[in-house]
There are 2 protein chains.
Amino acid sequence: MTTSRDQLVRVHNFCISLDGFATGEGQSMDAPFGHAGHRLHEWFFETAMTREQLGLGTGGGRGVDNAMAEAWSPGIGVEIMGRNKFGPQRGPWEDESWRGWWGENPPFHTPVFVLTHHVRPSVEMEGGTVFHFRDASPQDVLAEAKKAANGLDVRIGGGPTVVRDFLAADLVDLLHVVVVPIVLGRGVRLWDGLEGLDERFDIETVSSPSGVVHQTFTRKTS
Amino acid sequence: MTTSRDQLVRVHNFCISLDGFATGEGQSMDAPFGHAGHRLHEWFFETAMTREQLGLGTGGGRGVDNAMAEAWSPGIGVEIMGRNKFGPQRGPWEDESWRGWWGENPPFHTPVFVLTHHVRPSVEMEGGTVFHFRDASPQDVLAEAKKAANGLDVRIGGGPTVVRDFLAADLVDLLHVVVVPIVLGRGVRLWDGLEGLDERFDIETVSSPSGVVHQTFTRKTS
């Protein structure tokens, strides 16, 4: 006899400023988060997990920031991301040489569905990551992603527009938001159009000594 | 020999939603915070301090929420508030019978300067509260308020537009924000136009078991 579990749809390590911006203005090749620079993710680069992944040595914190950051990977069988997470280009692809920000061996190690109005052939990377490009609704791409996840969970990787669309469609089971104590002033907001979202989730909040706040939204069981 | 201290400009118990709204839409006589209802202040009404003030008995929490809430009063000699905190009316006063939301003995017990383009004679209440009405810049009303405060501190009481104006003018020394885990979706935001505010303050964050987050912004010493 085997036990099965539902496949969850999860968002992890989703960083926003005090004023709710998940990315700044002016994304470019040199500035994936626009004028936000690295400020939304400094806490992340101080964790033991990230330092190890980037080959920066064995230092780094092993407290609450690291524990929350590490939940990103286990049990994930596929990621869905928006095109603006995949790259800074807009509109039709001028060429298809762009293979993401992450080098030849991206940290995903699963199929990744990239939502875009400009589809292109799939791209197979080292280490198990395969980028598939889809022009589809959240519901449709999620159905395909769940099949590709082999019974494991689906991660919604961002950016903010994609996370917001999945939240608005009530497709998210777990949302981990990290509030960073900066005021960005401009960019793309997470919370727009989500009035009353809190009614659908149990919300747990913990502040970290690093200064960030971890907020965990778990879908209420009916 | 006496020691003197600078008069501080302080904001306390300033509640905002996850998406940064300090008040909802549609303020009216029955709904001082519009569609937000009481949701931004539920934590506040569960504190021992507030229950005692409202004559609700000796219950209520005496933990971090109460401790932060209580810092509102000591050392304050005057409050500055916006007209929308004083009342729901807009434009010229139709009559001057409105004397605030708080009954004949308001909780301020000091002079209160109400910023409005429609000045009217001062109103003296029981318990030491006197409402003065001023059509003035933040700098000018603060100068008058500091004189009236008798060497004590000045509280900026809100609403969000007034707090934002004083922050933009770099007149605030201490800002205590309470982030409540609800998504309001609409209303008046605190953070608009304050990009980079974090650079001027040391920021301490603590989460409360009640679910709210207390963020204390203390002006950096140069």
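Letters go in sequence order (proteins before strands), and every chain restarts at 1. Both backbone and side-chain heavy atoms feed into the values below; hydrogens, waters and symmetry mates do not.
- With a 4.5 angstrom heavy-atom cutoff, A:Q215 touches chain B only via side-chain atoms.
- With a threshold of 4.5 angstrom between heavy atoms, B:F21 does not approach chain A through any atom at all.
- For the pair B:R219 and B:D170, the salt-bridge criterion is met [side-chain N within less than 4.0 Å of a carboxylate O].
- Outside the 6.0 Å centre-distance limit, the rings of A:F113 and A:F133 are not counted as a close aromatic pair.
- With B:R189 contributing its side chain and B:D19 its backbone, the two residues share a donor-acceptor pair below 3.5 Å.
- For B:L184, the part sitting under 4.5 Å from any heavy atom of chain A is the backbone (N, CA, C, O) and nothing else.
- Not one N or O on the side chain of B:R134 forms a donor-acceptor pair closer than 3.5 Å with the backbone of B:E144.
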